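One-based numbering, in listed order, for ligands and for the atoms of each. Since we're looking at a predicted model, the values are computed, not measured.
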Amino acid sequence: MYLPKPLSDKITVTHLKKLKQQGEKFACLTAYDYSFAKLVEACGVEVVLVGDSLGMVIQGHDTTIPVTLENIKYHAQTVRAGLDKAMLMLDMPFGSLNSPQQALDNASELLKATEAQVVKLEGGDTQIKTIEMLSAFGIASCAHLGLQPQLVNKLGGYRVQGKAKAAAEQMTVTACDLEAAGADILLLECVPAVLAAEITNTLQIPVIGIGAGCDVDGQILVLHDILNVTAGKKPKFSKNFMQGQSSIQHAISRYVNEVKRGQFPDQSHSF
Ligand code: KIV
């Protein structure tokens, strides 16, 4: 049985950087409302993301594209009410980042309304100037590389990114550029484990992985996936943590435990 290990410290970007330096893994999870936010934090999850995955798991869309700034704000306010020590990170939805100024205005609005600590931006190298601007105005950011679900219509599907040598080299260069621009965290989604490990070792900032193998600094998954609530086909990189557990609390505690011990993800959840 996996028992919850509540957080002892308030989680900040500095705290995550310290965990990276100490080689300690951290656990992140999505949440979209007060009750689950409270439960997730009580189980020791360091970073809670109000992801635009809410478009799929809460609203029932096929993609994350319809999610609005108002949707993120609403769910983030409910999640904020459930958090005390965990870091709150918010996705910037599709269409909210079309210029550095628009991103700054939208991120400022979200942070004022929710007291979140970090905003997460898809877009890779197209967001370098934006990240520079956010950083200059005191906004902490998490850049997102690899599979970027907001680009699904250009990518033609949800596929592993960075498999070819040139694409892997380009991703490493972009990761370094994003760090130099002032990104505080990098998230890698659906990239080969070897490439994710190389990027993690190259960067000073913490790297969070989803489908990026076990040699990154932190892991993130979608709450509904780990509780086996998501309808339809489950992503290879996720895992049903409810299996064999008698409660949601035990399932989330098991996830945290396996991430911290480096037991999740194993090869069957990696590329
Ligand atoms: O929207 C989301 O939940 C995300 C995670 C899957 C990383 O971006």
Side-chain angles (χ1 to χ4, degrees), residues 16 26-33 36-37 40 45-69 71-76 78-79 86-97 107 110 114 116 118-124 127 141-152 155 158-161 175 178 183-191 196 199-200 206-213 216-227 229-239 241 252 255 259 264-265 269-271:
L16 296 184
F26 56 90
C28 319
L29 206 51
T30 65
Y32 315 98
D33 66 34
F36 275 105
V40 161
V45 169
E46 277 103 344
V47 181
V48 178
L49 170 70
V50 178
D52 60 1
S53 50
L54 72 85
M56 298 168 85
V57 299
I58 303 287
Q59 298 173 330
H61 296 297
D62 286 340
T63 71
T64 60
I65 291 171
V67 175
T68 65
L69 204 68
N71 293 155
I72 297 285
K73 193 194 290 182
Y74 170 78
H75 287 279
T78 68
V79 168
M87 173 187 281
L88 176 58
M89 179 152 81
L90 308 183
D91 252 340
M92 298 293 293
F94 181 80
S96 68
L97 298 163
L110 280 184
T114 65
V118 180
V119 289
K120 178 165 82 60
L121 298 75
E122 293 186 24
Q127 298 302 344
S141 64
C142 173
H144 183 148
L145 288 179
L147 174 63
Q148 297 169 54
Q150 290 176 14
L151 305 187
V152 63
L155 297 173
Y158 298 104
R159 299 204 172 90
V160 180
Q161 303 293 307
L178 289 162
D184 298 276
I185 303 172
L186 176 69
L187 186 141
L188 293 176
E189 178 163 355
C190 285
V191 302
I199 293 175
T200 303
V207 176
I208 300 172
I210 174 165
V216 290
D217 304 307
Q219 297 289 336
I220 189 162
L221 287 175
V222 169
L223 179 66
H224 291 54
D225 288 346
I226 76 163
L227 299 182
V229 173
T230 307
K233 194 169 166 250
K234 312 288 182 299
K236 169 184 158 92
F237 56 72
S238 197
K239 174 170 168 178
F241 281 90
I252 297 172
Y255 165 67
V259 167
F264 175 82
H269 305 107
S270 306
F271 302 103

With no hydrogens and no angle check, just 3.5 Å: does a side-chain donor-acceptor pair link N71 and Q59?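 Indeed, the side chains of N71 and Q59 share at least one donor-acceptor pair under 3.5 Å.
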
Side chains of T78 and D33: is there a donor and an acceptor less than 3.5 Å apart? no

Check each heavy atom of L221 against ligand 1 and say whether those closer than 4.0 Å belong to the side chain, the backbone, both or neither.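 Neither; no heavy atom under 4.0 Å.
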
For ligand 1, which part of T64 has a heavy atom less than 4.0 Å away: the side chain, the backbone, both, or neither? neither

Among protein heavy atoms, which sits nearest to [atom], and what does the distance come to when rounded to 0.1 Å?
atom: atom 4 (C) of ligand 1; result: L49 CD2, 3.6 Å
atom: atom 3 (O) of ligand 1; result: S53 OG, 2.5 Å
atom: atom 6 (C) of ligand 1; result: I210 CD1, 3.6 Å

Which value, rounded to the nearest 0.5 Å, describes the distance between F36 atom CZ and H224 atom NE2?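 F36 CZ to H224 NE2: 6.5 Å, rounded to 0.5 Å.
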
Any idea which atoms of ligand 1 are less than 4.0 Å away from a heavy-atom of [X]?
X: G51; value: 1 (O), 2 (C), 3 (O)
X: L187; value: 7 (C)
X: K120; value: 4 (C), 8 (O)
X: T30; value: 3 (O)

Nearest heavy-atom pair of L221 and L29: which atoms, and what distance? O-CD1, 3.4 Å

Testing the basics here: between V67 and P93, what is the closest heavy-atom pair and its distance to 0.1 Å? O-CB, 3.4 Å

Of L178, L186, D184, I185, which is the lone residue that meets side chain to side chain contact (heavy atoms under 4.5 Å, CB included) with S141?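 Going through the options one by one, the only one that passes is D184.
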
Would you please classify the geometry between the F264 ring and the H269 ring as parallel, tilted or perpendicular, with 30° and 60° separating the classes? tilted

